Structure formats: C-alpha cells, structure tokens
Student: 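Let me give you the structure first, and then I'll get to my questions.
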Amino acid sequence: MIYARQCDPRYQESPIFSPNCFPDNIAVFGNRDYWEHIPEVVKRVYEVLEEEDLDDAICDITKHRGGYWCDYYKNVTEVINDLLPSENGKYSNRDIHAIKMYVNRYPESRGFEKENILCSVLGIVTKKVWKHKTISGTMQCEWNEVYYPADEWSDKDLRDFEVMYFDYGSEWCIYNGDDEPETPEDIDGSWLYCCSLTEDGIRREIAEFCEAPESEVVMYRYAGERRQDVYELAS
C-alpha cells in the first residue's frame, strides 16, 4: 500500500518557487502585488512598445521625412531590424508592415487590445504563436497576466501553473518505509505537490508518482490541530 500524509497548508511550498524551477517559457506580470517573471524576449518587445521610440522613429521616417531618427536610419526596415531584431531569421516585407501597424496602434490601445498586440508582435519576433490569459487564485486580489507560446502550454499545463503560482494545491508526504505506519505522524519520505483539487484527482497524482494503482493509495488529509489545556498543582 501507498501511504500519504498531507502537509499543513500553512507550511506547504509551491515547487515553481524553488530555486531554478520557475518555467522560462512563460511571462507573468501585470499585478505588482505578485511575483513577476518576464523572459528576455518578452521584456524586449514590451519595452519597445511601451517606450514608443520605435513608433517615433517610424513616424519620423514615413511622415515627417526628417527629424532626429532620420539622421540614423534610412527606412522603416532598417529601424525595425535595429530596435526590434528578429529572434529567428529575417523579417519578411509582410512582417515589417505588420510590426509597423502594431507599433502605430499600441499607444492608443487599451486592455485586451494592448495584450493582443503584444502577443502579435511576439509572434512575429519569435516565429511562434503567443497567447494571453488572466490567471486567478481563490481570492479577488489574486490575479495576474500570463503570456506564453501556444504550442508549449496545454490547457492542463496552464491550470496546473495557475494552481502552483497562487499555491492553492496541496503538498503530500509519501511514506518510504517497508512496514505499515502506525499513525499519520509516522509517514515520512518523499514530498509531492498535487495540483488536483478533488480527492480522486489527488489520489490519481499520488498513484502516478508512485507508479502504483489508485486502489493502493491511503490518504490522510490535514484536518487541523488539537489544542489541549494543561494544569499543574498550585503550591
């Protein structure tokens, strides 16, 4: 049999916040009250859009035909290749036209439109399809924005990430001993963080981790602590 004891939720730790365990292929930012993670390519594209230097340069070259940026660049293709170089091969003429359009639209955009433009420009720069999603925890204040390559994250991956980011899963100690533990406190061994929120789902995760049938998993959920009054004889 497989014996598992749940950790006190007050002391559980999400595995993605262990050193060097946060996934590199996802950006998380938007809510300053929560931890941010911004891969370099996302940071580069976001800053180019927000700082508007590229928009100013394109405007100087295409509309004003003069100005500061025209002293450094001959055309739009040259300025885009310099300020926002491709991560994967050269830009096509269609890419240049699309970046020009998105950069021009971004300053006047709001909310979802800004997020969609960021995903579109990331797609052109990296040659991957990017998507955006708002993740949330169990309370109203628990939310953040994520940007990710669509073919690298399944719906289940994103749901599990959401659970681990806001740490509302559960952590379990899996017994490594040969004999049956006499009490839940005797269960000691490997630790597993489960993203499932139902008992059946948690049992399935433990069974998969141990490569054993679900029917062999014995689970002890954390039910709280018991307080006991203590008295001593007065002198």
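This is a predicted model, so every value here is computed, not measured.
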Student: Which of parallel (below 30°), tilted (30 to 60°) and perpendicular (above 60°) describes F17 and F22?
Tutor: tilted
Student: Inspect the contact between R203 and E199 and indicate whether a charged nitrogen and a carboxylate oxygen are less than 4.0 angstrom apart.
Tutor: yes
Student: Between V125 and S86, what is the shortest heavy-atom contact and its length?
Tutor: O-OG, 3.5 Å
Student: So with a 6.0 Å cut-off around CG of D178, is the heavy-atom count from everything else above 12?
Tutor: no
Student: Any side-chain donor paired with an acceptor under 3.5 Å for D188 and Y175?
Tutor: no
Student: Which atoms form the tightest heavy-atom contact between Y220 and P184, and what is the distance?
Tutor: CD2-CG, 3.5 Å
Student: Is any side-chain heavy atom of C7 less than 4.5 Å from a side-chain heavy atom of W172?
Tutor: no
Student: Please report whether the ring centroid of Y34 lies less than 6.0 Å from that of F29.
Tutor: no
Student: Do you see a donor-acceptor pair shorter than 3.5 Å between the side chains of Q12 and D167?
Tutor: yes
Student: With rounding to the nearest 0.5 angstrom, report the CG to OG1 distance, N93 to T77.
Tutor: 6.5 Å
Student: Give a yes or no on whether I187 and I202 share a hydrophobic cluster (residues Ile, Leu, Val, Met, Phe, Trp, Tyr; joining criterion: side-chain heavy atoms under 4.5 Å apart).
Tutor: no
Student: For the residue pair N75 and V79, establish whether any side-chain heavy-atom pair is separated by less than 4.5 Å.
Tutor: no
Student: Give a yes-or-no answer on whether the side chains of E205 and S196 include a donor-acceptor pair shorter than 3.5 Å.
Tutor: yes
Student: So do the side chains of L158 and I135 get within less than 4.5 Å of each other, counting heavy atoms only?
Tutor: no
Student: For a 4.5 angstrom cut-off between non-hydrogen side-chain atoms, does I174 reach W191?
Tutor: no
Student: Taking all heavy atoms of S215 and all of M1, pick out the closest pair and write down the distance.
Tutor: O-CE, 3.9 Å
Student: Are V218 and F209 connected, step by step, through hydrophobic side chains (Ile, Leu, Val, Met, Phe, Trp, Tyr) whose heavy atoms are closer than 4.5 Å?
Tutor: no
Student: Report the distance from atom CZ of F112 to atom SG of C119, rounding to the nearest 0.5 Å.
Tutor: 11.5 Å
Student: Rounded at 0.5 Å granularity, tell me how far OH in Y193 sits from CG in D160.
Tutor: 10.0 Å
Student: If the threshold is 4.0 Å, N to carboxylate O, is there a salt bridge linking K114 and E145?
Tutor: no
Student: Taking it one step at a time, do D82 and Y73 satisfy side-chain hydrogen bond (donor to acceptor under 3.5 Å, both in side chains)?
Tutor: CA-CA 9 Å; D82 188 36; Y73 303 104; 2.3 Å; yes
Student: May I ask you to decide whether R5 forms a salt bridge with E185, counting only side-chain N to carboxylate O separations under 4.0 Å?
Tutor: no
Student: When you check the side-chain N and O atoms of D157 and Y148, is any donor under 3.5 Å from an acceptor?
Tutor: no
Student: For the CZ atom on R10, are there more than 12 heavy atoms of other groups (residues, nucleotides or ligands in this structure) within a distance under 6.0 Å?
Tutor: yes
Student: Do D186 and Y3 have side chains that get closer than 4.5 Å, going by heavy atoms?
Tutor: no
Student: Within the 4.5 Å heavy-atom criterion, are I117 and S109 side-chain neighbours or not?
Tutor: yes
Student: Any chain of hydrophobic side-chain contacts (each under 4.5 Å) joining V146 to L122?
Tutor: no
Student: Does this structure show an ion pair linking D155 with R159, if we count only N-O contacts that are shorter than 4.0 Å?
Tutor: no
Student: Provide the closest heavy-atom pair for I206 versus M219 in the form atom of the first, atom of the second, distance.
Tutor: CD1-CG, 4.2 Å
Student: Could you measure the distance from the CG atom of N25 to the CD atom of E152? Nearest 0.5 Å is fine.
Tutor: 5.0 Å
Student: Answer whether the closest heavy-atom distance between the side chains of C194 and E171 falls below 4.5 Å.
Tutor: no
Student: What's the separation between atom NE2 in H132 and atom OG1 in T134, rounded to the nearest 0.5 Å?
Tutor: 4.0 Å
Student: Verify, without hydrogens or angle tests, whether N31 (side chain) and W143 (backbone) share a donor-acceptor contact under 3.5 angstrom.
Tutor: yes
Student: Considering only distance and modelled atom types, tabulate donor-acceptor pairs under 3.5 Å from the side chains of residues 35-51, sequence neighbours left out.
Tutor:
{"residue": "H37", "atom": "NE2", "partner": "P23", "partner atom": "O", "Å": "3.3"}
{"residue": "R44", "atom": "NH1", "partner": "P85", "partner atom": "O", "Å": "3.1"}
{"residue": "R44", "atom": "NH2", "partner": "P85", "partner atom": "O", "Å": "3.2"}
{"residue": "R44", "atom": "NH2", "partner": "E87", "partner atom": "OE2", "Å": "2.6"}
{"residue": "E50", "atom": "OE2", "partner": "Y106", "partner atom": "OH", "Å": "2.6"}

Student: For residues E162 and S136, report the shortest heavy-atom separation together with the two atoms involved.
Tutor: OE2-N, 2.8 Å
Student: Grouping I, L, V, M, F, W and Y whenever their side-chain heavy atoms are under 4.5 Å apart, do L84 and W130 come out in a common cluster?
Tutor: yes
Student: Are any non-hydrogen side-chain atoms of T138 and F166 less than 4.5 angstrom apart?
Tutor: no
Student: Looking only at non-hydrogen atoms, find the nearest pair between C173 and G189 and report the distance.
Tutor: SG-N, 3.3 Å
Student: Rounded to the nearest 0.5 Å, what's the gap from SG on C195 to NZ on K156? Could you check?
Tutor: 6.5 Å
Student: Thinking salt bridges, do R105 and E113 make one under a 4.0 Å N-O criterion?
Tutor: yes
Student: Given I26 and Y147, is the side-chain contact (heavy atoms from CB on, under 4.5 Å) satisfied, shown in steps?
Tutor: CA-CA 6 Å; I26 191 168; Y147 299 84; over 6 Å; no
Student: Does L54 share a hydrophobic cluster with M101, counting links as ILVMFWY side-chain heavy atoms below 4.5 Å and allowing steps through other members?
Tutor: yes
Student: So, the side chain of N144 versus the backbone of G30: is there a donor-acceptor pair under 3.5 Å, distance only?
Tutor: yes
Student: Examine distances only and state if a side-chain atom of N81 and a backbone atom of E78 form a donor-acceptor pair shorter than 3.5 Å.
Tutor: no
